[in-house]
Amino acid sequence: MADKGGKSAITPREQDYPQWYQDVIREADLAEPAKVVKGCMVIKPYGYAIWEKIQRNLDGRFKDTGHVNAYFPLLVPQSFITKEAEHVEGFAPELAVVTHAGGEQLEEPYVIRPTSETIIGHFFAKWISSHRDLPMLVNQWANVMRWELRTRMFLRTTEFLWQEGHTAHASHAEAREEVERMLHVYGDFARDVMAMPVIRGIKTDSERFAGAVETWCIEAMMQDGKALQAGTSHDLGQNFGKAFDVKYQTEEGVLDYVWQTSWGVSTRLVGGVIMAHSDDGGLVLPPQLAPIHVAIIPIYKSDEQRESVMAAANALKERLSAIDISPPRARWRDFITVEIDDRDLRPGAKFYHWERRGVPIRIELGPKDLEKGQVCVKMRIPTAAGEGKEFLATDAFIDGVQARLATYQSELLRLAQARQEAKTIHLDTWDEFLKTFEGDSSLFAWCHWDGTAQTEAEIKAATKVTIRCVPLPGQGPEPEPGVCIKSGKPSKQRVLMAKAY
RNA sequence: CGGGGCGUAGCGCAGUCUGGUAGCGCGUUCGGUUCGGGACCGAAAGGUCGGAGGUUCAAAUCCUCUCGCCCCGACCA
């Protein structure tokens, strides 16, 4: 592990935010660039454990809303991609194509899926014939590949893991309910599990998914004020239904095309959770996603001490590991995960080790504690759940540990919300706008916009700022008429502007 | 694809200009002393210097070609 002179190997955020992000990932042992495969990453066990927790939780939410899992091929016939005009245009530049297999050139190349609307459309056409087959509510957990020109670990890699929900409905209204429902599944998950506040809204035409009628999204603010598109939910209208001939017989007996949706979140969420909470000491994780909740550091000198301290540490681990911290109505059980660090290192080195990895609770357990029947507790960051070293009676600590984790979780959300609010402003003049977004700086700005793609493009060209979304009701300022910050033309409401990842 | 940078031990780098036995820090291994906030001492292992060709008595170093990666722009979950 890289170590700069025995001190922190993590670049402070103030000094170089992107470097800080890379350092946190390396020092927490979450992932590393694959190097031998351009733009790809290796997700290491500790990083993958976070993804597994994200998966498990979301998967339960999808099933709670009536969806079932399925799996479709990685390779998609090239001709499929070209069937929906906007879809090709959007994805053609970033496709990886398989032209040879089995030592022969293929008659028709396959593309490695960048997303699966096309091949799933093909199968929906086979599976759906009647309104009785609808709605069809399918999700797949998969990897996809997009040949991005610029990559960043977790946030944008050539290959990434995600889930993609694909549904077909008998009416546009029903499909739109689905789009909204799933957006809120994402938004609630971000808030309640990731402790990451998000703005829920609708994309402008230029930011819309290629082939969609409308794209709904959640946008999160990272600590540098930039926005991260954390999840999307698309109203596909009948676009793919028409392209893949997905027709069904209505109750009245006439043929119509189905109304489809698709929605997805990816391993980008891991990048989001890293940036939402971590500090210059490394990773900070919300307990609901932390692979390890408690690290116990045994303290001893002699062999006799080691024996008694380790016995106490194991007993403590056993008691903590029996505590069920599953969310209400979860389809799975989650228990407090405890790691006893008995490596032959000095305690100080171990403290830093677990802090870099974002373990919420650290316990020091030494001979003095055994005598007094207490534990020394230190939380990863100071919150209402506790700060500094606390010396607590062992039983009292165990009785309160679940509440302690819950408080820590909600405090992370509160802190993230406070950061977001501090960096969210209203802007009304182009001069202020330029000043605000000068150089590399960014924050969330609610601004009036005339609703034209041209103005949007001009703003982006001048400042790299994009319209992140038009907020859903309650997600931004109350709609009130005004004038566009750039063109001065009339505007119906403020939209969210920021630089994005 | 345009602009810039870099490939030397597991990681981070020096050495290249001016050719002459391949080095440093961290990490690793072994032994000992340590141990409630990043320990110290001693010993050891570990490299066909990205690849190919050329110049030379001699190439990490000079020349030609090539491969790859990173950063900055245009594209994006």
Side-chain angles (χ1 to χ4, degrees), chain A residues 1-10 16 18-19 22-23 26-27 32-40 89-95 114-115 142-164 186 203 206-210 215 217-220 227-234 262-272 281-282 297-303 305-306 309 341-356 362-370 374-376 378 388-389 391 440 460-461 464 466 500-501:
Chain A
M1 205 175 292
D3 202 335
K4 292 170 188 168
K7 276 291 171 192
S8 172
I10 298 171
D16 185 345
Q19 187 59 52
Q22 305 280 355
D23 290 347
R26 187 191 60 245
E27 292 299 310
E32 69 181 54
K35 300 265 188 150
V36 289
V37 186
K38 191 177 168 61
C40 290
E89 204 185 313
F91 283 105
E94 49 186 45
L95 294 176
T115 177
N143 57 339
V144 291
M145 184 164 267
R146 299 180 185 178
W147 214 256
E148 301 289 354
L149 300 173
R150 184 149 147 51
T151 57
R152 294 167 187 270
M153 288 213 280
F154 288 113
L155 302 180
R156 186 176 304 104
T157 45
T158 302
E159 180 186 6
F160 57 96
L161 305 181
W162 78 345
Q163 60 65 220
E164 44 182 329
Y186 290 153
K203 287 291 186 192
S206 67
E207 298 272 329
R208 205 178 56 210
F209 175 75
T215 290
C217 63
I218 53 172
E219 295 284 328
L228 185 72
Q229 180 175 307
T232 47
S233 182
H234 313 293
S262 69
W263 29 272
V265 296
S266 70
T267 35
R268 171 177 278 186
L269 289 182
V270 178
I297 317 293
I299 311 280
Y300 50 77
K301 292 193 175 92
S302 64
D303 282 351
Q305 282 182 340
R306 178 178 188 279
V309 167
D341 188 350
D342 191 29
R343 292 175 300 165
D344 185 20
L345 292 173
R346 308 191 93 208
K350 297 180 186 178
F351 299 162
Y352 285 105
H353 176 86
W354 296 106
E355 278 166 20
R356 282 196 297 268
R362 182 186 81 220
I363 292 174
E364 296 168 39
L365 198 61
K368 290 178 211 162
D369 304 307
L370 297 200
Q374 67 179 24
V375 290
C376 172
K378 174 87 188 287
K389 288 191 182 181
F391 295 87
D440 203 38
K460 188 177 178 182
K464 293 184 193 165
T466 50
Y501 272 99

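Every chain is numbered from 1, with letters handed out A, B, ... down the list of sequences. Because the structure is a prediction, the values reported are computed rather than measured.
- The backbone N or O of K301(A) sits less than 3.5 Å from a side-chain atom of Q305(A), completing a donor-acceptor pair.
- With both ends at atom C1', the span from C71(B) to C57(B) equals 43 Å, rounded to whole Å.
- Rounded to an integer number of Å, the gap from E27(A) CD to G27(B) P is 13 Å.
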**Item:** Sugar-phosphate or base contact per nucleotide [nucleotides 32-37 of chain B; S, B, -; heavy atom under 4.0 Å]
**Value:** --BBBB

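- With rounding to the nearest 0.5 Å, the separation of OG1 in T267(A) from CD in Q163(A) is 11.0 Å.
- Aromatic stacking of W162(A) on A77(B): not satisfied for centres closer than 5.5 Å together with planes under 30 degrees.
- A gap of 32 Å separates the P atoms of A14(B) and U56(B), to the nearest Å.
- Smallest separation of non-hydrogen atoms from A500(A) and T466(A): CB-OG1, 4.3 Å.
- Annotation: of the two residues near RNA chain B, R146(A) and C40(A), the 5′-most nearest-nucleotide partner is C40(A).
- Where T157(A) and G39(A) meet RNA chain B, the nucleotide closest to each residue was compared, and G39(A) sits on the side nearer the 5' end.
- Nucleotide A77(B) holds its P atom 18 Å from the CD atom of E159(A), rounded to whole Å.
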**Prompt:** Would V265(A) and Y186(A) count as a side-chain contact (heavy atoms from CB on, under 4.5 Å) if you check the C-alpha gap in whole Å, the side-chain angles of each, and the deciding distance to 0.1 Å?
**Reply:** CA-CA 8 Å; V265(A) 296; Y186(A) 290 153; 3.5 Å; yes

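- Residues F209(A) and F91(A) place their aromatic rings such that the two centres sit under 6.0 Å apart.
- Counting any heavy atom pair closer than 4.0 Å across all strands shown, I297(A) reaches no nucleic acid atom.
- Across the protein-nucleic acid pair, R152(A) atom CZ and C70(B) atom C1' stand 13 Å apart, rounded to whole Å.
- Both distances falling under 3.5 Å, in either a Watson-Crick or a G-U wobble arrangement, place U28(B) opposite A44(B).
- Nearest approach of D341(A) to K350(A), heavy atoms of both residues: O-NZ, 2.9 Å.
- When Watson-Crick and G-U wobble pairs are counted only if both distances are under 3.5 Å, A14(B) pairs with no nucleotide at all.
- Note: CZ (R26(A)) to C1' (G10(B)) measures 14 Å, nearest angstrom.
- If you take atom P in U16(B) and the same atom in A58(B), they sit 22 Å apart, rounded to whole Å.
- With rounding to whole Å, Y186(A) atom OH is found 13 Å from A77(B) atom P.
- Across G5(B) and G46(B), the matching C1' atoms stand 29 Å from one another, rounded to whole Å.
- Taking the ring axis of F160(A) as reference, the NZ or CZ atom of R268(A) does not stay both within 45° of it and closer than 6.0 Å to the ring centre.
- If you check G7(B) for Watson-Crick or wobble pairing at under 3.5 angstrom, you find it paired to C67(B).
- One can place CH2 of W147(A) at 18 Å from C1' of A74(B), the figure rounded to the nearest angstrom.
- Taking atom P on both nucleotides, U8(B) is separated from G4(B) by 22 Å, rounded to a whole Å.
- G20(B) is paired with C57(B) under the criterion used here, namely a Watson-Crick or G-U wobble arrangement in which both key atom distances are under 3.5 Å.
- C49(B) is unpaired under the Watson-Crick or G-U wobble criterion, no partner having all donor-acceptor distances under 3.5 Å.
- Across G10(B) and G47(B), the matching C1' atoms stand 12 Å from one another, rounded to whole Å.
- Atom P of nucleotide A74(B) and atom CD of E94(A) are separated by 15 Å, given to the nearest angstrom.
- One interatomic measurement links the two molecules: CG of L161(A) to C1' of A77(B), which rounds to 12 Å at whole-angstrom precision.
- Rounded to the nearest Å, the gap between the C1' atom of U28(B) and that of G68(B) is 28 Å.
- With rounding to the nearest 0.5 angstrom, the CD atom of E364(A) is 3.5 Å from the NZ atom of K389(A).
- Across the strands present, U34(B) finds no partner; the criterion is a Watson-Crick or G-U wobble pair with both atom distances under 3.5 angstrom.
- Comparing the P positions of C67(B) and G15(B) gives a spacing of 28 Å, expressed to the nearest Å.
- The minimum heavy-atom distance between T232(A) and H234(A), with the atom names listed, is OG1-NE2, 3.4 Å.
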